[in-house]
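Reading through the structure tokens given below for one structure.
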Number of protein chains: 2
Amino acid sequence: MGVSLKDIAERAGVSLATVSNVVNGYRPVGERTRQRVQQAIDELGYTPNLGARHLRRGRTGLIALAIPELNNPYFAELAEIAIREAAGLGYTLVMENTAADREAELLLLDGSHRHTIDGLIFSPVRIGRDEVLARSADTPLVLIGEGVYDVPHDHIAIDNVAASHAAIQHLVAIGRRRIAFIGAAPGADRQSAHLRMRGYREALAAAGLPFRPQLVARTDEFGRLDGRRAMRDLLALGEPPDAVFGYNDLIGIGALRALAEAGCRVPEDVAVIGIDDIEEGRFSTPTLTTIAPDKEEIGRLAVRRLVARIEGAEVAAPLTVQTPFRLVRRESTGTPGA
Amino acid sequence: MGVSLKDIAERAGVSLATVSNVVNGYRPVGERTRQRVQQAIDELGYTPNLGARHLRRGRTGLIALAIPELNNPYFAELAEIAIREAAGLGYTLVMENTAADREAELLLLDGSHRHTIDGLIFSPVRIGRDEVLARSADTPLVLIGEGVYDVPHDHIAIDNVAASHAAIQHLVAIGRRRIAFIGAAPGADRQSAHLRMRGYREALAAAGLPFRPQLVARTDEFGRLDGRRAMRDLLALGEPPDAVFGYNDLIGIGALRALAEAGCRVPEDVAVIGIDDIEEGRFSTPTLTTIAPDKEEIGRLAVRRLVARIEGAEVAAPLTVQTPFRLVRRESTGTPGA
DNA sequence: CCGTACCTCTATAACGTTATACGGGTGGTG
DNA sequence: CACCACCCGTATAACGTTATAGAGGTACGG
């Protein structure tokens, strides 16, 4: 079917090895033969069989991006960036959806894909440090997000405590006093939820505001539906909050919806802020104030570090990178002009 | 590094071929040896090297899903379904983002990935029938969406004319007379935009309403931003529309935003309807009425048909499937109760 | 008791690459 | 002129699988 090295070797009257060297320059080739080979390649339209190449090289050319929710626009945007970056480096990126399922995450860690992928970019949410330390697979692993800390792998994330701190600080700055948090996690799950919670508490303390447990709403998942449900509960309180900090933008969107249904004005009655800066928040009514991580940076960095590991930078110590974030003010906390 | 067939062949004291037969049952193996081999497999933790297998079999086990916008939640939702279905059938799905770029689409068609993927699920928007007919690659191709018709490939899509018809009919039924369409495509691009436009015109005619060219807004892209921009233009007309039909939900969301910014009430002043039924539309304010295609059916069917072709059902004639859709009434056209 | 038909297993040649080891020219140097 | 060094190229052995051809052994019918 396909045109192989052999075909063009015959055509150009040279050996297989020479053609291979022309194609990927492992050894120098004389100018005359190089041209003859190149011509044959062009005429027959040769493209290397990547499967065979990777078999020989011991690699597959595939890297995986494992995320808890493909439906979350944050991850969709991140995936798009990562796919582009990987393609540029000669790798194909495949997406693995763990659906925030513990079993799925463990399976991924222990490399049921051992032979299939060269490396893994992983955003874990249901497993912890111990599970990562105990993993048996030996392919490079880059962690993103805030699930796990202090493990011997590259790790890229924003500073969650600081990000939450900034969010609360903003709400305080616009005069809010009863600030709720939606998206606390039950048990040991979702480390990032704990971190954001910690930033919430620290910022409250720093502002001299009391921590009120009834203003903390836990959710099972972290989607729009969960945000709406939690917001409804908060509104049912004797003294409802005057501001809400959502674990992510989807929670924030859900909260906005619940507020609209309850006839509350945003931001006059309740201000809302999220994290992620998904495009949806720029078009919601009202638009959603958010903490914007540098997705471009996270996606590109993760892929580049992983590929560097795959291609042999074994010696360098694992790097933990904290990518920058910034506050984006929008209508849900009152526009600067208003 | 990895455990190979050879390792477990030695361990079990049998030949390579026998182990291979135990693993994938090409030839029967005696019960006693089968058990011995199976035990060795379990003890050493063998997993087949898929690269080598696929090299030998002439397949890679990869299928691609090529879509114009990964950021569009409609495609993200579709991708999630397709990934799941593919995994269930033993294939890995990789996403290709054409970014609605003509060159990218042509490249994909002519199989620069010839050796890399076994088949392609493709949602073309910038190329037409001729380009598909002229393609040189010989891997199976399943088309989704409405870009191209009458080509010798499996094709899965909703009936766009009928879907648009249904949308307009609904707007007419709630008493609207000046119905605009956002998302007409310039030139020959976006066949689906033409089809939806046709449904729009037909339904207007069927309702005895005049076709007013000034109520048709073309857009370059099909995102929220384009919807907002177009809606602004429509509002600037001497006689603005009393209803808007968006090419898709993102356009609809953008239109909602423009209406909110202009202080228009929805649906009282202007009703809005889209196509796709993305989750975002269930949480926007107001919620967005839409034509809901059966994404589950489209995604699963596309993968299943592709895999069937790959695995040799060459003879069966290409199938064109029109998947069902339904109208989902939400606030943007007035709730049934109101 | 031989021939034949199984049934189970083995040996081996691919699949398309890349890396290693080697060979045959050419030019420069002592 | 003999020697070494080099440059350019070839031959070939892997990588881990699967499919084909065939080799033993046992059972069975004639």
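The structure presented is a predicted model; accordingly, all values stated were derived computationally and were not measured. Each chain gets a letter, A, B and so on, in the order the sequences are listed, and its residues count up from 1.
Between E31(B) atom CD and dT8(C) atom P the separation is 10 Å, expressed in whole Å. For the pair L5(B) CG and dC15(D) P, the computed distance is 13 Å after rounding to whole Å. If you take NZ of K6(B) and P of dA11(C), they are 14 Å apart, rounded to a whole angstrom. Separating the CZ atom of R53(A) from the P atom of dT17(D) is a distance of 21 Å, rounded to the nearest angstrom. What separates CZ of R57(B) from C1' of dC15(C) is a distance of 13 Å, to the nearest Å. Regarding L50(A), its CG atom lies at a distance of 16 Å from the C1' atom of dC15(D), rounded to whole Å. Taking atom CZ of R36(B) as the reference point, atom C1' of dC9(C) lies 11 Å away to the nearest angstrom. R32(B) places its CZ atom 10 Å from the P atom of dC9(C), with the value rounded to the nearest Å.
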How does protein reach along nucleotides 22-27 of chain C, written 5' to 3' as B (base within reach of a heavy atom under 4.0 Å), S (only sugar-phosphate), or - (no contact)? ------
Would L108(A) and F122(A) count as a side chain to side chain contact (heavy atoms under 4.5 Å, CB included) here? Give the steps. CA-CA 9 Å; L108(A) 217 51; F122(A) 190 12; 4.1 Å; yes
Tell me, with the steps shown, if R126(B) and D101(B) meet salt bridge (Lys or Arg N to Asp or Glu O under 4.0 Å). CA-CA 7 Å; R126(B) 297 277 186 215; D101(B) 175 59; over 6 Å; no
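Interface remark: the R56(A) side chain does not form any donor-acceptor pair with the dT17(C) base, using a distance-only criterion of under 3.5 Å.
Within the 4.5 Å cutoff, side-chain heavy atoms of P293(A) are placed close to those of Y74(A).
Salt-bridge formation is detected for the pair R84(A)/E296(A): a Lys NZ or Arg NE/NH1/NH2 atom is positioned less than 4.0 Å from an Asp or Glu carboxylate oxygen.
The side chain of T33(B) lies closest to dC9(C), out of dT17(D), dC9(C), dT17(C). The V29(A) side chain lies nearest to dG9(D) when the options are dT18(C), dG9(D), dT17(D).
DNA chain C lies under 4.0 Å from at least one heavy atom of each of the following residues of residues 15-22 of chain B: S15(B), A17(B), T18(B).
Proximity of N49(A) to the phosphate of dC15(C): no side-chain N or O atom is located under 4.0 Å from OP1 or OP2. Here Y26(B) does not reach the OP1 or OP2 of dC9(C): none of its side-chain N or O atoms lies under 4.0 Å away.
Applying the side chain to side chain contact (heavy atoms under 4.5 Å, CB included) test between Y91(A) and each of L306(A), I310(A), L62(A), V303(A) identifies I310(A) as the sole match.
Take the nearest nucleotide of DNA chain C for G13(B) and for A52(A): the residue whose nucleotide is more 5' is G13(B).
Residues D118(B) and T60(B) have side chains that bring a donor and an acceptor to within less than 3.5 angstrom of each other. Checking E77(B) against N71(A) by side-chain atom types alone, no donor-acceptor pair falls below 3.5 Å.
Among residues two or more places apart in sequence or in another chain, the side chain to side chain contact (heavy atoms under 4.5 Å, CB included) test is passed with S15(A) by A17(A), T18(A).
Here CG of L5(A) is found 8.5 Å from CZ of R53(A). Values are rounded to the nearest 0.5 Å.
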